[in-house]
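One structure is given below, encoded as structure tokens.
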Amino acid sequence: MVYITSWDEFVERSAQLFRADPDSTRYVMKYRHCDGKLVLKVTDDKECLKFKTDQAQDAKKMEKLNNIFFTLMSRGPDGKEQTEAQSGKKGRGRKQ
Amino acid sequence: MVLLQPDPFLNELTSMFEHSTEKGTVWVTLKRSSLKSKVQRNKMAAAGEPLEYRCLIRATNGKKTISTSVGPKDHQRFQASYATILKAHMTSLKKRERKDKKKVAGADKKEGGSKKPKRA
């Protein structure tokens with residue numbers, strides 16, 4: 001198990017892992033309230049990255065990471081937007 | 001494994017967190033999935049239809065597992081509610097005390113901050 005000490009490195013490597021193989025990469029979060037510990041794991045079943053913490057500020061950082069993953073995963077591969085509705089710019093261009 | 005709609009899933013997740021405060025763990029897994037078997041996917045690719053990807057979210061407390069699937073349209077709303085639930089429940093993590101004037105014993109882990117230490 002590879003525990004990464006730097007948050008930024010963890011985020012960057014996780015994103016790389018996901019982009020390389022979006023179908024088999026998964027993100028797991030384990031939280032134990034009684035121990036006050038949070039562990040994050042990103043793996044594509046070949047490589048595994050983990051990050052553990054007991055700091056509240058890391059929970060905030062994790063939320064941002066959650067957002068990143070949610071967005072990456074609900075869109076298609078390569079991060080292309082699929083069914084996202086664009087704000088209508090059809091017809092008129094600029095306001096006159 | 002119980003597959004729920006996003007909103008009931010969030011409710012169940014909240015109660016899972018609440019029930020595991022004294023003892024126990026909550027695991028949440030996020031994975032991308034199109035929720036179709038390989039055969040169907042190949043057919044769709046051959047027919048030129050765009051595949052619709054969804055985000056599969058699973059949660060367990062070791063005994064019970066619940067799951068839900070979120071698409072691109074609902075993901076933002078789900079994400080906001082999910083973040084709120086996490087924030088509300090992850091209260092046992094330590095807060096950083098940078099302004100503390102207590103002497104920090106050398107055995108403490110490095111916080112990784114780049115602030116200069118205060119001198120007494």
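Note that the structure is a prediction, hence the values are computed from the model and not measured. We name chains A, B, ... by the order of the sequence lines, and we start the count at 1 in each one.
- With a 4.5 Å cut-off on side-chain heavy atoms, A:Arg32 and B:Val26 do not count as touching.
- Contacts of A:Ser24 with chain B are made by backbone atoms alone, with heavy-atom separations under 4.5 Å and no side-chain atom involved.
- Of the atoms belonging to B:Thr21, heavy atoms from both backbone and side chain fall under 4.5 Å from chain A.
- Looking at A:Gln57 and B:Lys95, their side chains never come closer than 4.5 Å, going by heavy atoms from C-beta outward.
- The candidate with the highest count of non-hydrogen atom pairs below 4.5 Å against chain A, out of B:Arg54, B:Lys87, B:Glu22, B:Arg58, is B:Lys87.
- In this structure, a donor-acceptor pair under 3.5 Å is absent between the side chains of B:Thr29 and A:Arg26.
- In this model, no donor atom of one side chain and acceptor atom of the other lie less than 3.5 Å apart for A:Tyr31 and B:Ser20.
- Ranked by heavy-atom pairs under 4.5 Å with chain A, the first of B:Gly24, B:Ser69, B:Ala59 is B:Gly24.
- Using a 4.5 Å cut-off on side-chain heavy atoms (C-beta onward), B:Val70 and A:Met73 make no contact.
- B:Thr25 has its side chain out of reach of A:Asp35: every pair of non-hydrogen atoms, C-beta onward, lies at least 4.5 Å apart.
- Between A:His33 and B:Thr91 there is a side-chain heavy-atom pair separated by less than 4.5 Å.
- Nearest heavy atoms, A:Asp23 versus B:Arg32: OD1-NH2, 2.7 Å.
- Of the atoms belonging to B:Ile57, it is side-chain heavy atoms, and not backbone ones, that fall under 4.5 Å from chain A.
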